[in-house]
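Below is one structure; the comments refer to it alone.
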Amino acid sequence: MIKRMKGTYDITSDIRYYQAIEKQIQKVSRLFNYQEIRTPHFEQQALFHRSVGQDTDIVSKETYDFKDRGGRMNTLRPEGTAGVVRAFIENKLYAEPKLPQKYYYLGNMFRYERPQKGRFREFYQFGAEAFGSNHPAIDAEIIAYAVTLLRGLKLKNVTVHLNTLGDKASKAAFEDALKNHFKDDIEHMCQDCQTRYQENPLRILDCKVDQDKAIMQSAPKTIDYLTKTDQKHFTLVQDYLKAMNIDVIVDHNLVRGLDYYTHTVFEIKVSKDLLGSQNAICGGGRYNHLVETLGGPEVPAVGFAFGIERLVMALKENDYPLVEDAIHLYLLILDDTARLKAVEIAQKLRLGGIITELDYMEKSFKAQFKQSAHHNARFVGILGENEVKENQINVKDQQSEVEETIALDDLYIELAQKLTKQRDDCKDCDKGESS
RNA sequence: GCGGCUGUGGCGAAGUGGUUAACGCACCGGAUUGUGGCUCCGGCACUCGAGGGUUCAAGUCCCUUCAGUCGCCCCA
């Protein structure tokens, strides 16, 4: 048997969670006025090297690279921002009159990693990018956008962790200070920290092994190395968030793995007992120089990305109320004459918006009844010799167990009325998720 | 890339060298003629992830491999 590739998965019954999330994404994106953008699943390898960073784990050991028949180096996208930025430049979207230019995307990403809980080789991300403004209010909006999505999904126990790296000058000064601080003690620290010291000193800060050591406690904080302007930017982001009633935890040890971040960085986490180690469901921040790095004009930007699988897991843990799939009518067929009639009726009802199913298995009467139950049919229609002869149908309401005989000519209008009435009766129908 | 654990029917799960591979759920069929959901009866793994080896004999031991899972790294 041919099996799926390592780290991939099929979405079957869980599709309803994905659909609920997608629906919420569309709704919230509309409210915040972000436009959908779709970009290719593969790009030139160089794009990711230049954007995400040569030395990041993502690029150095996790990309799916392949040479095509023309000898070009391609890479399956490991994240969404690079492609969106490339498209932004290539299509000259920076010249669009609506400012800032705001986009969101939803699509699969690929990383060659060892799969584990909440981590796959092909996974879905929902992300957003706002281009053109360096204003702290847009940093706050991006975070509010992410949080609003989660609120819409009724997700509990989420926390927003916020930090700032400052812009180039602040970042460089801080890195120097860090290196200097750890200079003498680095050999006593864990193996990983020693590597980080060389490659990405910022990451030493979120080490879990050496967390409690004195040297860590006394480590310099990003805020202490911010320029006045950068300091003000960060303060304002917090002010705007407060104005929107969004609680954040300022975490000066929060640094992020992608090279392009400047200023604001943030992560949204759910409690660890829900998702295990991979408890960050959203990460993002500002990247003021990426557009330029990739050959575009000087355009500041800020964005985020959600891991959809992690969101799905979190929703399940939260017992997100999915409405059960149900159909309106199941037609029970007793002989071939009735079958012809049933096919005719079903098509008419379906065109009128009534979800109809019928037997194609030539099952026994009883078995068909069971099938109607599997389909969660609200009504069961019985078509036999007598009904066809009299041009009528026996309809049973499975909710009230009331059974009545209806002329076939009136069937559509009768069912439509009963179903509409049911909708009116149900004031909370919109709770949970649509069917 | 590194480490731990696991792999038996659609799902959960017994079985730790020896006759026809428990059991539960689900599913299918039946319990008098056209009414499901309860109950009862019956059915449902030429086979134990794959390949090789040890043995008179392997789901059970060994090796390899694949996959899953959890953790590290990193990230969504």
Side-chain angles (χ1 to χ4, degrees), chain A residues 1-9 12-13 52-53 55-63 77-81 106-127 146 190-196 199-200 203 206-209 254-258 265-270 272 275-284 303-314 330 332-335 338 361 363-377 379-387 393-399 401-403 405:
Chain A
M1 191 175 80
I2 296 176
K3 292 198 273 197
R4 75 176 90 90
M5 295 300 281
K6 191 186 183 80
T8 65
Y9 64 98
T12 58
S13 53
V52 179
D55 301 324
T56 57
D57 278 17
I58 292 180
V59 164
S60 65
K61 56 183 200 197
E62 295 173 4
T63 52
R77 59 182 187 190
E79 57 102 44
T81 301
L106 174 67
N108 26 9
M109 307 296 161
F110 306 84
R111 289 183 201 172
Y112 193 85
E113 294 183 274
R114 184 85 179 258
Q116 62 185 61
K117 189 171 189 178
R119 171 182 297 171
F120 304 89
R121 290 186 167 180
E122 178 177 8
F123 60 102
Y124 284 81
Q125 276 193 346
F126 154 57
C190 74
Q191 193 55 53
D192 291 324
C193 280
Q194 301 194 23
T195 321
R196 290 184 187 119
E199 291 172 0
N200 195 350
R203 294 218 64 93
D206 61 2
C207 175
K208 283 120 201 158
V209 182
L254 173 66
V255 289
R256 298 186 45 74
L258 287 69
V265 290
F266 70 97
E267 271 180 13
I268 301 179
K269 296 183 178 182
V270 299
K272 209 153 184 159
L275 293 195
S277 311
Q278 269 62 49
N279 63 332
I281 53 176
C282 174
F304 66 66
F306 270 92
I308 301 291
E309 298 61 20
R310 294 182 186 179
L311 214 41
V312 168
M313 283 192 285
Y330 192 95
L332 269 68
I333 299 165
L334 297 183
D335 58 42
M361 309 303 291
K363 279 182 182 287
S364 70
F365 181 78
K366 179 173 172 168
Q368 289 188 53
F369 227 106
K370 280 190 175 176
Q371 274 296 313
S372 79
H374 288 315
H375 286 283
N376 288 316
F379 296 100
V380 173
I382 301 165
L383 278 173
E385 213 182 337
N386 296 338
E387 284 81 2
I393 184 169
N394 193 316
V395 174
K396 183 173 177 189
D397 183 337
Q398 294 290 70
Q399 235 166 54
E401 301 202 29
V402 173
E403 203 173 333
T405 300

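Here is the naming used below: chain letters follow the sequence lines, and residue numbers restart at 1 for every chain.
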At 4.0 Å (heavy atoms only), tell me whether [X] reaches a base, stays on the sugar-phosphate, or touches nothing.
{"X": "A:G127", "result": "nothing"}
{"X": "A:Q278", "result": "base"}
{"X": "A:Q368", "result": "nothing"}
{"X": "A:G7", "result": "sugar-phosphate"}

Base paired to [N] (Watson-Crick or G-U; both N/O distances under 3.5 angstrom):
{"N": "B:G15", "answer": "B:U8"}
{"N": "B:A58", "answer": "none"}
{"N": "B:C28", "answer": "B:G42"}
{"N": "B:A21", "answer": "none"}

Is it the case that the base of B:A76 and the side chain of A:R119 share a donor-acceptor contact (distance under 3.5 Å, atom types as modelled)?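 Looking at the base of B:A76, it does not pair with any donor or acceptor on the side chain of A:R119 (distance under 3.5 Å).
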Going by modelled atom types, is there a donor-acceptor pair between the base of B:G3 and the side chain of A:R114 at under 3.5 Å? yes
In whole Å, what separates the [atom1] atom of [N] from that of [M]?
{"N": "B:G68", "M": "B:C28", "atom1": "C1'", "value": "30 Å"}
{"N": "B:G53", "M": "B:A58", "atom1": "C1'", "value": "12 Å"}
{"N": "B:C63", "M": "B:G24", "atom1": "C1'", "value": "36 Å"}
{"N": "B:U64", "M": "B:U54", "atom1": "C1'", "value": "15 Å"}
{"N": "B:A22", "M": "B:U60", "atom1": "C1'", "value": "15 Å"}
{"N": "B:C25", "M": "B:U19", "atom1": "C1'", "value": "29 Å"}

Less than 6.0 Å separating the ring centroids of A:F126 and A:Y124? no
Once you round it to whole Å, what is the distance between [atom2] of [N] and [atom1] of [X]?
{"X": "A:L106", "N": "B:A76", "atom1": "CG", "atom2": "C1'", "answer": "13 Å"}
{"X": "A:Q399", "N": "B:G36", "atom1": "CD", "atom2": "C1'", "answer": "15 Å"}
{"X": "A:K117", "N": "B:C74", "atom1": "NZ", "atom2": "P", "answer": "21 Å"}
{"X": "A:Q116", "N": "B:C73", "atom1": "CD", "atom2": "C1'", "answer": "9 Å"}
{"X": "A:F369", "N": "B:G37", "atom1": "CZ", "atom2": "P", "answer": "10 Å"}
{"X": "A:K6", "N": "B:U6", "atom1": "NZ", "atom2": "P", "answer": "17 Å"}
{"X": "A:R121", "N": "B:A67", "atom1": "CZ", "atom2": "P", "answer": "8 Å"}
{"X": "A:I58", "N": "B:G1", "atom1": "CD1", "atom2": "C1'", "answer": "16 Å"}

Please check if the side chain of A:R77 supplies one atom and the backbone of A:N108 the other of a donor-acceptor pair under 3.5 Å.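 Yes, the answer is positive, given that a donor and an acceptor are paired below the 3.5 Å cut-off.
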Taking C-beta and beyond as the side chain, do A:K61 and A:Y112 meet within less than 4.5 Å on heavy atoms? no
Side chains of A:D335 and A:E385: closer than 4.5 Å at any heavy-atom pair?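 Result yes, sub-4.5 Å side-chain heavy-atom pair found.
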Are A:Q125 and A:E79 close enough that a side-chain donor and a side-chain acceptor fall under 3.5 Å?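 Per modelled atom types, A:Q125 and A:E79 side chains form no pair under 3.5 Å.
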What is the per-nucleotide protein-contact pattern of nucleotides 24-34 of chain B, from the 5' end, where B denotes a base atom under 4.0 Å from a protein heavy atom, S denotes such proximity for sugar-phosphate atoms only, and - denotes neither? ---SSSSB--B
Can you work out whether A:Y112 or A:F120 has the more 5'-proximal nearest nucleotide on RNA chain B?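 Per heavy-atom nearest nucleotide, the more 5' residue is A:Y112.
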Closer to the 5' end of RNA chain B via nearest nucleotide, is it A:C282 or A:K61?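 Looking at the nearest nucleotide for each, A:K61 comes out on the 5' side.
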Would you call the rings of A:Y9 and A:F120 parallel, tilted or perpendicular, where under 30° means parallel and over 60° means perpendicular?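 Aromatic pair A:Y9/A:F120 classed tilted.
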Hey, is A:F306 stacking on B:A76? Ring centres under 5.5 Å, planes under 30°.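 It does not: the ring fails the test against the base of B:A76.
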